[in-house]
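As structure tokens, the structure follows; a few thoughts come after it.
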Amino acid sequence: MPSRPTTTMPTSSLRSWLIWLTAAVVYVLAVFHRTSLGVAGLDAAERFGVGSAALATFTVLQISVYAAMQVPTGLLVDRFGPRRILVWALLFLGLGQVLLAVSQTYALALVARGVVGLGDALTFVSVLRLAANHFPGRQYMLVTALTGALGFVGNLVATLPLTLLLAGPGWTPTFLVAGLATFVFTAVVTLRVHDTPTTRNSTVSTASASEIVGQLKEALRTPGTRLGFWTHFSTPFSQNVLVFLWGLPFLVDGQGYSATTASSLLAAFVIGALVSNPLVGGFVGRRPEWRMPIVGAQLALTGVVWAVLLGWPGQVPVAVLIPAFVILSIGNPCSLIGFALARDYNPVSRVGTATGIVNVGGFVATAVASLAVGVLLEVTGGNYRIALLTMVAVLAFGAWRMLVWWRRARAVVFAAEDRGEPVPVRLRRHRWDTARTSVERAASPV
């Protein structure tokens, strides 16, 4: 069960790298569309005449659609191939931004963000499934990390440049051009992306409904998938909540910075992720036994950051905000470790499904935290210190569940080693490790 079935993995080529890069651009566009309200939140509140809780609903709806679609997306990618799903992702992303551009009512804008969330949901899992098809296991973590790093190019465009465009041409031209440009890129994906090194389109699976359900159950029963889920739940949400929605209002309304300064400060997330993604990805690709210790260290540092930001008397200085945001940004490459766990502990035929399960984690945490912050801001009259305590609570819960599944996954690995079976990674035993974790306990609901 813990071992990854032996398969012949492809050898990467220049062509595979170019195919991956084309698919990664789709992810860049998805991140831009996903995070665009992070700096347009105040404009949206004014345009649609809504308060903090209603503004939070934009992000919660989008992320909820994203999270709800991850498992279906994994199943769709495994069934129809990543190329087809990426084309549909672009169509939904473009449609959502065009609808947002012309929206004059809060209700239509909500629909638009839901459509954006649907397109976004189809993207990342498709890119990772494509990478699994084109690259051997030793390169998968690096390619995944590079994908995450490139995504932050979209995030970067959605900070200061988008702020300037909203202040210049305005809401409708900015989002209309973004949507139309996304439609155009479907032609590039259609022509350039191949599902595997030898075929343009994967053979459509003819699995029955019961076989699909069985595949989903097997992925869920795998302790490495559960560990990946809670790793992804715990690591990226602090950054996501600030970048997607509450970062700019926190810095402007809560800290007294100008909108231009605030959007520039949010770029620290982009820079930190761009640098840390390939560094972390390259290192854990070579030393997979360090994956979870690195995640644990990052969660501890995240706790310290929130203690500093929420406990600082008065306005938090720029000299403190920048390193704090950089530390939080490292949650992004650490979250990608969850996908490496899904790949290592599942056969290639269900990597998409397992990746979708893992990808739900961080966005469930982001949706819950974003909504809770918005509600607490309404209740407390805009007190960000109290509202952002939500972040600490979600962090503590996620870290606890991750620790539980870390021990269970280790126990199953050691049990397999004792039986002489192949395992995805060699781990060093400690006194607190035990092989007594049963398959039945590993298959418990959470």
Side-chain angles (χ1 to χ4, degrees), residues 4-10 16 19-20 22-24 26-27 30 64-93 95 114-115 117-135 137 140 143-144 147 185-186 189-222 224-226 228-229 232 338-361 363:
R4 180 177 174 80
T6 302
T7 56
T8 302
M9 296 305 299
S16 290
I19 288 172
W20 161 79
T22 303
V26 181
Y27 181 58
S64 297
V65 171
Y66 185 104
M69 279 299 299
Q70 287 312 290
V71 173
T73 297
L75 292 169
L76 287 170
V77 170
D78 285 340
R79 185 176 180 86
F80 296 104
R83 177 176 172 273
R84 292 186 179 94
I85 306 304
L86 284 171
V87 170
W88 279 104
L90 287 167
L91 293 175
F92 283 119
L93 287 168
L95 176 61
V115 174
L118 178 58
D120 188 12
L122 299 175
T123 306
F124 193 60
V125 172
S126 299
V127 177
L128 294 194
R129 184 66 163 88
L130 195 75
N133 289 347
H134 282 268
F135 296 91
Y140 181 78
V143 175
T144 300
T147 303
F185 199 71
T186 58
V189 172
T190 301
L191 293 172
R192 300 301 305 165
V193 171
H194 290 62
D195 280 341
T196 72
T198 58
T199 59
R200 180 183 293 271
N201 293 314
S202 299
T203 302
V204 176
S205 170
T206 57
S208 65
S210 61
E211 289 172 329
I212 292 173
V213 171
Q215 176 172 297
L216 178 59
K217 288 181 178 179
E218 284 301 314
L220 284 168
R221 288 193 188 105
T222 303
T225 305
R226 300 287 188 87
F229 174 91
H232 198 269
F339 302 122
L341 293 166
R343 185 188 189 279
D344 282 354
Y345 286 84
N346 289 274
V348 175
S349 60
R350 69 165 185 254
V351 164
T353 302
T355 300
I357 293 169
V358 169
N359 208 24
V360 171
F363 292 94

>> I'd like to check the side-chain contact (heavy atoms from CB on, under 4.5 Å) partners of Leu76; sequence neighbours left out, ordered by chain and number.
In response: Phe80, Ile85
>> Under the rule for side-chain contact (heavy atoms from CB on, under 4.5 Å), what residues qualify as partners of Leu118, not counting sequence neighbours?
In response: Val65, Met69, Phe92
> With sequence neighbours excluded, what pairs up with Ala354 under the side-chain contact (heavy atoms from CB on, under 4.5 Å) test?
Replying inline: Ala219, Thr225, Ala342, Asn346
> Side chain of Arg226, backbone of Leu220: donor and acceptor closer than 3.5 Å?
Replying inline: yes
> Any idea which heavy atoms bring His194 and His134 closest together, and the distance?
Replying inline: O-NE2, 2.8 Å
>> Within this structure, what is the CZ-OG1 distance for the pair Arg83 and Thr190, rounded to the nearest 0.5 Å?
In response: 5.5 Å
>> Just verifying a value: how many Å separate Phe339 CZ and Leu341 CG, rounded to the nearest 0.5 Å?
In response: 10.5 Å
> With sequence neighbours excluded, what pairs up with Phe229 under the ring pair (Phe, Tyr, Trp, His ring centres under 6.0 Å) test?
Replying inline: none
> To the nearest 0.5 Å, what is the distance between CG (Leu128) and CZ (Phe135)?
Replying inline: 11.5 Å
>> For Leu122 versus Ala89, what's the shortest heavy-atom pair and its separation?
In response: CB-CB, 3.7 Å
>> Set out, in order, the CA-CA distance, both residues' side-chain angles and the distance that settles side-chain contact (heavy atoms from CB on, under 4.5 Å) for Thr355 and Thr73, then state yes or no.
In response: CA-CA 9 Å; Thr355 300; Thr73 297; over 6 Å; no
> Listed by chain and number, what are the side chain to side chain donor-acceptor pair (under 3.5 Å) partners of Thr144, not counting sequence neighbours?
Replying inline: none
> With sequence neighbours left out, what residues match Ala67 under side-chain contact (heavy atoms from CB on, under 4.5 Å)?
Replying inline: Val360, Phe363, Val364
> What are the two closest heavy atoms between Ala30 and Thr123, and how far apart are they?
Replying inline: CB-OG1, 3.8 Å
>> side-chain contact (heavy atoms from CB on, under 4.5 Å) for Leu86 and Leu90? Distances and angles first, verdict last.
In response: CA-CA 6 Å; Leu86 284 171; Leu90 287 167; 5.8 Å; no
>> To the nearest 0.5 Å, what is the distance between CG on Asp195 and CG on Asn133?
In response: 7.0 Å
>> Please give me the minimum heavy-atom distance between Asn359 and Gln70, naming the atom from each residue.
In response: ND2-OE1, 2.7 Å
> Quick one: side chain to side chain donor-acceptor pair (under 3.5 Å) partners of Thr147, sequence neighbours excluded?
Replying inline: Trp20
> If you take all heavy atoms of Val125 and Gly356, which pair is closest and at what distance?
Replying inline: CG2-CA, 3.9 Å
> Please, which pairs that meet salt bridge (charged side-chain N to carboxylate O under 4.0 Å, His left out) have at least one residue in residues 118-135, sequence neighbours excluded?
Replying inline: Arg34-Asp120, Asp78-Arg129
> Where do Arg221 and Glu218 come nearest, in terms of heavy atoms and distance?
Replying inline: NH1-OE2, 2.7 Å
